Novice: 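I'd like to ask you about the structure that follows.
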Amino acid sequence: MDLKAQSHILGRHFVTKIALNHPYQLLAAAIDSSDTLAFFRLLPNSPPEEVFQGMSKPSGKKSALAWSNDGNHLALGSSNLELWRFDGKKMVPLKTFSEDFVDVKIVAWSPDSISVAYGGLSRKNVIKVKNIESGATRDLKVPLALCSISYDPFGKYLLVLLRNNTLYVYNSSHFVKIREICLSPKGDPHGNVNTVK
Amino acid sequence: MGWSPDFNHLVCPSLDDNKISLALDLCRSTGFKVKQVFLGHVSSISCATFNPNLYEIDGEVSSILAMGDSHGVVSLWRIGSKPCTEPLLIINSCNEYHEVIEDLEWNQQGETLVVNVLKRYINVFTFDKIKFGR
């Protein structure tokens with residue numbers, strides 16, 4: 001198939017993380033070595049344009065960025081977790097959560113856009129799941145350092161990839177571990193990649 | 001990690017890439033068993049994201065997966081009922097090695113792929129989406 005791509009360099013910024021808001025077609029970009037977020041409108045059949053900038057709190061390197069599925073909230077991870085609300089025209093800072101983390105490196109929203117799970121560099125190897133409506137927080141203790149978090153699209157599972165290259169599948173409401181899936185060929189004595197415990 | 005638009009496939013890069021870089025397609029409906037393994041990137045696969053649309057081509061429904069690595073290479077794969085053995089397209093997003101593809105984002109229409117090359121630049125690729133299917 002003759003599939004080709006046209007490329008276009010966007011802006012002049014050095015960026016650490018990006019996240020695309022699908023409902024509003026708005027791309028957020030965390031600028032390196034600054035507390036600035038740049039926002040680009042990404043409309044079909046037209047070149048992307050920078051529409052505004054926002055300033056986060058001075059909190060070090062921006063390591064994680066994620067929009068909620070409804071496009072109304074943005075979570076920004078640095079030395080703390082910042083929540084912003086998009087009012088359709090601009091970003092409004094909501095809350096900052098200073099937790100035990102040295103650096104919040106991973107952020108994932110639940111499919112209903114009500115809860116945000118986050119984690120990062122910490123001695124405690126914990127994932128915090130915060131309900132943004134009630135403010136309630138629950139902790140999920142994991143055995144090793146985190147690499148990635150994802151909710152399944154139905155919100156039933158919370159999937160956590162850890163440093164040992166194993167994917168842990170938790171029930172998202174009770175935090176009960178359902179499965180461990182080794183993603184490494186050598187994790188299985190038979191040499192198969194597909195190891196499900 | 002990236003979820004397919006039919007919510008049945010989770011693609012997860014393996015962290016154990018000392019010998020070979022690979023990503024696994026885990027099938028939700030079979031309890032996250034591995035359906036297929038994607039090979040070919042010569043450096044660590046850093047991100048994987050599905051195009052949000054399903055496409056029909058030659059009577060078969062498929063989805064399009066994009067993966068990025070730490071040498072600035074982006075690959076596109078078609079995921080259908082049959083295992084795919086080679087990518088649809090390979091893009092050298094960067095001019096230099098050791099430029100890490102940190103994030104990949106598809107727009108809602110599935111014709112634009114935004115590539116974040118860590119601390120370098122954002123590259124926006126536009127595809128003729130008819131080539132992906134109907």
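In this text the structure is predicted, and so the values were computed from the model without any measurement. In the text below, chain A, chain B and the rest are named by the order of the sequence lines, each starting its count at 1. In what follows, every heavy atom counts, from backbone to side chain, and hydrogens, waters and symmetry copies are set aside.
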Novice: Could you measure the distance from the CH2 atom of B:Trp106 to the CG atom of A:Leu20? Nearest 0.5 Å is fine.
Specialist: 12.0 Å
Novice: Kindly compute the distance separating CZ (A:Arg179) from NZ (B:Lys33), expressed to the nearest 0.5 Å.
Specialist: 9.0 Å
Novice: Where does A:Asp152 contact chain B at under 4.5 Å (heavy atoms): side chain, backbone, both or neither?
Specialist: both
Novice: Write down the atom of B:Glu111, the atom of A:Pro44, and the distance for their closest heavy-atom approach.
Specialist: OE2-CB, 3.0 Å
Novice: When hydrophobic residues are tied together by side-chain contacts of less than 4.5 Å, even through go-betweens, does A:Ile127 share a cluster with A:Leu162?
Specialist: yes
Novice: CG of B:Asp58: more than 12 outside heavy atoms within 6.0 angstrom?
Specialist: no
Novice: Check this for me: A:Arg163, atom CZ, are more than 12 non-hydrogen atoms of other residues, nucleotides or ligands nearer than 6.0 Å?
Specialist: no
Novice: Determine the minimum heavy-atom distance between B:Asp103 and A:Thr16, stating which atoms define it.
Specialist: OD2-O, 4.0 Å
Novice: What distance do A:Lys17 atom NZ and B:Asn116 atom CG have between them, rounded to the nearest 0.5 Å?
Specialist: 7.5 Å
Novice: Examine whether an atom of A:Ala108 lies under 4.5 Å from a heavy atom of chain B, and if so say whether it belongs to the side chain, the backbone or both; otherwise answer neither.
Specialist: neither
Novice: Should A:Leu76 and A:Val92 be counted in the same cluster of Ile, Leu, Val, Met, Phe, Trp and Tyr side chains packed under 4.5 Å apart?
Specialist: no
Novice: Using non-hydrogen atoms only, which part of B:Leu10 is less than 4.5 Å away from chain A: side chain, backbone, both, or neither?
Specialist: side chain
Novice: In the single-linkage hydrophobic clustering (I, L, V, M, F, W, Y; side-chain heavy atoms under 4.5 Å), do B:Leu24 and A:Ile178 co-cluster?
Specialist: yes
Novice: Looking only at heavy atoms, which two atoms of A:Leu183 and B:Cys12 are closest? And how far apart?
Specialist: CD1-SG, 3.4 Å
Novice: Please report the interatomic distance OG1(A:Thr166) to CG(B:Leu15), rounded to the nearest 0.5 Å.
Specialist: 9.0 Å
Novice: Taking B:Leu118, B:Leu104, B:Leu113 one by one, which has the highest count of heavy-atom pairs under 4.5 Å against chain A?
Specialist: B:Leu118
Novice: Any idea which heavy atoms bring A:Tyr151 and B:Trp3 closest together, and the distance?
Specialist: O-NE1, 3.1 Å
Novice: Side-chain heavy atoms nearer than 4.5 Å, only ILVMFWY residues, links allowed to pass through others: does that put A:Ile106 and A:Leu144 together?
Specialist: yes
Novice: Rounded to the nearest 0.5 Å, what's the gap from CG on A:Leu161 to OG on B:Ser14? Could you check?
Specialist: 8.5 Å
Novice: More than 12 heavy atoms of other residues, nucleotides or ligands under 6.0 Å from NZ of A:Lys141: is that the case?
Specialist: yes
Novice: Heavy atoms, side chains only, cut-off 4.5 Å: are B:Val124 and A:Leu27 in contact?
Specialist: no
Novice: With sequence neighbours excluded, tell me which residues meet ring pair (Phe, Tyr, Trp, His ring centres under 6.0 Å) with A:Tyr24.
Specialist: A:Phe86
Novice: What part of A:Leu26 lies closer than 4.5 angstrom to a heavy atom of chain B: side chain, backbone, both or neither?
Specialist: neither
Novice: Hey, could you give me the CD1/CE distance between A:Ile149 and B:Met1, rounded to the nearest 0.5 Å?
Specialist: 8.0 Å
Novice: Linking I/L/V/M/F/W/Y whenever any side-chain heavy atoms sit under 4.5 Å apart, do A:Leu81 and A:Leu94 land together?
Specialist: yes
Novice: Where does A:Leu159 contact chain B at under 4.5 Å (heavy atoms): side chain, backbone, both or neither?
Specialist: both
